Number of protein chains: 2
Amino acid sequence: MTSSRVTLADVAARAGVSTALVSVVMRDAPGASAATRERVREAAAELNYQPDRRARLLRSGRSRLLGVVFSVTDAFHGDLVTGLYNAAGAAGYEVTLSAVTPQRDERAAVASLLAERCEGLIVLSLESSTAELADLAARIPLVVLTRAVRSRAVDVVRNDDCGGLHLAVDHLVELGHRRIAHIDGGRSPAAAQRRRGYGEAMSRHGLDAQIRVITGGATEVEGAIAARALLDDPPTAVTVFNDRSATGLLEVARGAGLDVPGDLSVVGFDDDRLARLGYINLTTVGQDAAAITASAVARVADRIEGRPVDQREVVATPRLMVRGTTGPVKGLTSSPA
Amino acid sequence: MTSSRVTLADVAARAGVSTALVSVVMRDAPGASAATRERVREAAAELNYQPDRRARLLRSGRSRLLGVVFSVTDAFHGDLVTGLYNAAGAAGYEVTLSAVTPQRDERAAVASLLAERCEGLIVLSLESSTAELADLAARIPLVVLTRAVRSRAVDVVRNDDCGGLHLAVDHLVELGHRRIAHIDGGRSPAAAQRRRGYGEAMSRHGLDAQIRVITGGATEVEGAIAARALLDDPPTAVTVFNDRSATGLLEVARGAGLDVPGDLSVVGFDDDRLARLGYINLTTVGQDAAAITASAVARVADRIEGRPVDQREVVATPRLMVRGTTGPVKGLTSSPA
DNA sequence: TTGAAAGCGCTAACAT
DNA sequence: ATGTTAGCGCTTTCAA
């Protein structure tokens with residue numbers, strides 16, 4: 001019943017060779033004749049041999065293992081984990097996951113990874129304080145994703161949130177919008193970046209920035225509240241802190257009889273699962289998960305292998321995903337004169 | 001820079017004792033004086049010692065490690081992973097995660113876990129065929145979650161989908177509904193179970209089962225289509241295959257001017273993130289992730305530890321989450337006569 | 001209560 | 001091309 005007790009020695013005995021030779025064959029290392037290789041592989045297959053990664057890594061000193069801390073509740077983390085597997089595989093590293101759950105905090109997740117002797121850590125999102133991160137970074141190569149860290153001692157890879165709002169505003173201006181509001185996301189670092197990007201882009205176009213500040217956060221409810229505030233004197237377009245908030249706003253705006261995008265164009269941020277749903281179909285600023293994860297793996301590999309690193313922070317370029325909630329300003333298309 | 005090279009021997013040297021004793025202390029095993037314990041702990045802390053789990057497990061033969069295969073794209077898997085960490089911890093097991101992504105299939109995820117020498121596997125959802133699962137189950141203790149498996153050779157823990165629809169229908173009947181439709185979810189095993197539960201419950205109440213069959217699946221779009229079909233002659237309530245579909249249905253129903261729950265009560269299934277959103281606030285049948293995961297861990301532990309197992313399939317009891325999309329039948333509350 | 005020694009499954013030197 | 005030996009960091013007899 002419980003096999004998996006097959007070891008190198010078993011394979012060696014069956015193939016009639018030494019364990020060292022089996023090791024060579026299993027690792028595709030040079031130093032074995034084709035005939036032997038064949039025989040060893042056959043024996044291994046017959047015995048259903050699985051190399052024991054732990055023993056292998058214990059002996060060889062290096063683990064080539066990257067620990068990834070992520071949160072099970074965050075949809076975008078799924079995209080990042082996907083990218084990390086790809087990037088790590090390409091770079092010759094394995095990935096081991098450690099989840100943050102409501103009952104398992106970041107500290108626990110990190111400790112578990114440390115006990116597995118990862119060579120480097122990639123941490124998504126974060127409860128940890130800057131000080132904790134700096135401590136950790138002093139112990140092991142570390143890259144923090146998706147958030148800014150106020151420390152010159154920690155490597156960070158993050159999205160260019162500021163640039164993302166430039167994209168959003170440019171898109172709306174191109175469609176003829178001039179009265180564009182921004183629904184703010186509260187006091188997270190990301191919200192500040194996005195607010196700034198909005199302001200910069202508006203000035204660049206010589207437009208008045210009518211920032212609607214909704215303090216407190218990033219949820220559907222807050223988007224809905226913002227929408228109500230907007231209804232008195234609606235702009236022709238809004239950029240919203242994130243997709244969740246934008247979804248709440250859409251809900252209220254449509255409920256109040258506004259046509260989207262006829263009366264109001266809406267741009268979100270994140271390109272999360274919600275935004276892609278057919279019936280929401282939100283135009284939004286997408287983070288480039290593939291680029292972010294590739295940078296993260298490259299960076300942590302540089303640290304592990306002792307290569308010099310020129311900058312602590314890598315900023316990824318976002319992409320505008322044009323969908324159904326943005327359109328030309330009313331009257332613009334219907335004025336062929 | 002790169003520490004983490006601290007070993008038991010280092011701690012032993014610093015504390016002035018043998019490595020065996022340090023091992024005892026680190027494992028909280030009996031056989032060391034309080035004074036020694038104190039001294040060893042101090043030394044370990046000073047050196048920032050992290051036990052090497054690999055070496056530990058290699059030596060002790062057992063790994064007490066449970067491998068979990070899950071999908072990064074499925075929100076409910078997040079809940080299950082959360083529960084698995086809790087249950088495994090309580091049972092004295094560690095959890096190691098292996099994700100299925102668009103570029104990493106179940107086979108790869110399982111192979112990686114096997115190489116880590118997990119003692120048991122818990123696999124969520126599944127692309128694998130029944131035959132593959134049966135093969136795997138012959139090699140290592142295995143429990144499959146969230147789906148039925150047509151094989152007497154595989155342990156399964158799943159939700160009582162049929163019973164869930166009994167709950168939903170009972171709730172609606174209690175609110176005075178008699179004309180209740182069911183939006184079907186296509187040809188998955190789960191859809192069949194839910195359809196059956198609906199039919200059974202309706203007969204039990206002596207009601208006519210007006211099943212609206214929408215073939216093809218489980219998405220918002222399909223819910224929306226079903227809603228349109230319903231609009232000609234709407235029932236007073238519907239049970240819907242899942243929350244995603246129910247969300248699409250809500251969208252269309254409200255867009256058509258129906259008041260929910262005034263004109264139409266809606267019950268979903270899954271209690272996924274969407275359902276809990278304030279502005280959707282869907283009454284739904286929740287799967288008991290805690291119970292499912294506890295059963296799964298208990299079952300796999302039984303197998304690992306060689307305890308007899310009486311049944312291959314464990315069925316968890318779902319729970320009705322009453323929220324804002326169900327209410328009394330119109331006229332019933334306003335007829336105090 | 002404490003220490004010495006063996007060995008988990010594997011890889012890396014070094015021999016042959 | 002192949003085998004022998006040693007030892008990764010830890011736990012586990014067994015002896016003191």
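Note that this is a predicted model, so its numbers are computed, not measured. Residue numbers start from 1 in every chain, and the chains themselves are labelled A, B, ... in the order their sequence lines are given, proteins ahead of strands.
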Heavy-atom nearest pair, A:S112 first then A:S98, reads OG-OG, 4.0 Å

note: B:L21, atom CG; C:dA4, atom P; distance rounded to Å ~ 11 Å

With respect to the phosphate group of C:dC10, does any side-chain polar atom (N or O) of A:R27 fall under 4.0 Å of OP1 or OP2?
-> no

B:L58 has its side chain closest, among C:dT2, C:dG9, D:dT11, to C:dG9

For residues B:R299 and B:S295, is any side-chain donor paired with an opposing acceptor at under 3.5 Å? no

Whole-Å distance, B:L57 CG to C:dC8 C1', equals 11 Å

Would you mind classifying the nucleic acid contact of B:A32 as base, sugar-phosphate or nothing, using non-hydrogen atoms under 4.0 angstrom? sugar-phosphate

Touch class at under 4.0 angstrom, heavy-atom based, for A:V17 against every strand present | sugar-phosphate

A:M26 CE to C:dC10 P, in whole Å, measures 9 Å

Considering only heavy side-chain atoms of B:T7, the closest of D:dG9, D:dT11, D:dG3 is D:dG9

Taking D:dT2, D:dT12, D:dC10 as options, the one with an atom nearest any side-chain atom of B:S60 is D:dT12

Comparing A:R54 with B:G16, nearest DNA chain C nucleotide closer to 5' gives the residue B:G16

Inset, instruction - Answer with base, sugar-phosphate or nothing: what part of the nucleic acid does A:S23 contact at a heavy-atom distance below 4.0 Å? - result: base

Salt bridge check: are B:D28 and B:R41 linked by an N-O gap of less than 4.0 Å?
yes

### Any A:R56 side-chain N or O less than 4.0 Å from OP1/OP2 of C:dT11
yes

A:S33 has its side chain closest, among D:dT2, D:dT11, C:dA12, to D:dT2

* Is the distance from OP1 or OP2 of D:dG9 to the nearest side-chain N or O of B:R53 less than 4.0 Å? -> no

When rounded to whole Å, the CG to C1' distance for the pair B:L8 and D:dG7 reads 15 Å

(Q) Just to be sure I understand the rule, does B:G31 reach a base, reach only the sugar-phosphate, or reach nothing, if contact means heavy atoms closer than 4.0 Å? (A) base

Separation of D:dC10 atom P from B:Q50 atom CD, nearest Å, is 10 Å

Can you find a donor-acceptor pair, distance only, under 3.5 Å between B:R59 side chain and C:dG7 base? yes

**Asked** For A:S60 and A:R56, does a side-chain donor sit closer than 3.5 Å to a side-chain acceptor?
**Response** no

Less than 4.0 Å between a side-chain N and a carboxylate O, is that true for A:R54 and B:E116?
yes

Does a side-chain heavy-atom distance below 4.5 Å link A:Y93 with A:I304?
-> yes

When rounded to whole Å, the CD to P distance for the pair B:E38 and C:dT1 reads 17 Å

A:D52 CG to D:dC8 C1', in whole Å, measures 13 Å

From CG of A:L65 across to P of D:dC8 the rounded distance in Å is 21 Å

By nearest-nucleotide position on DNA chain C, the 5'-leaning member of B:S18 and B:A55 is B:S18

Compare side-chain N and O positions of B:T19 against OP1 and OP2 of C:dG3 and report whether any pair is under 4.0 Å apart. no

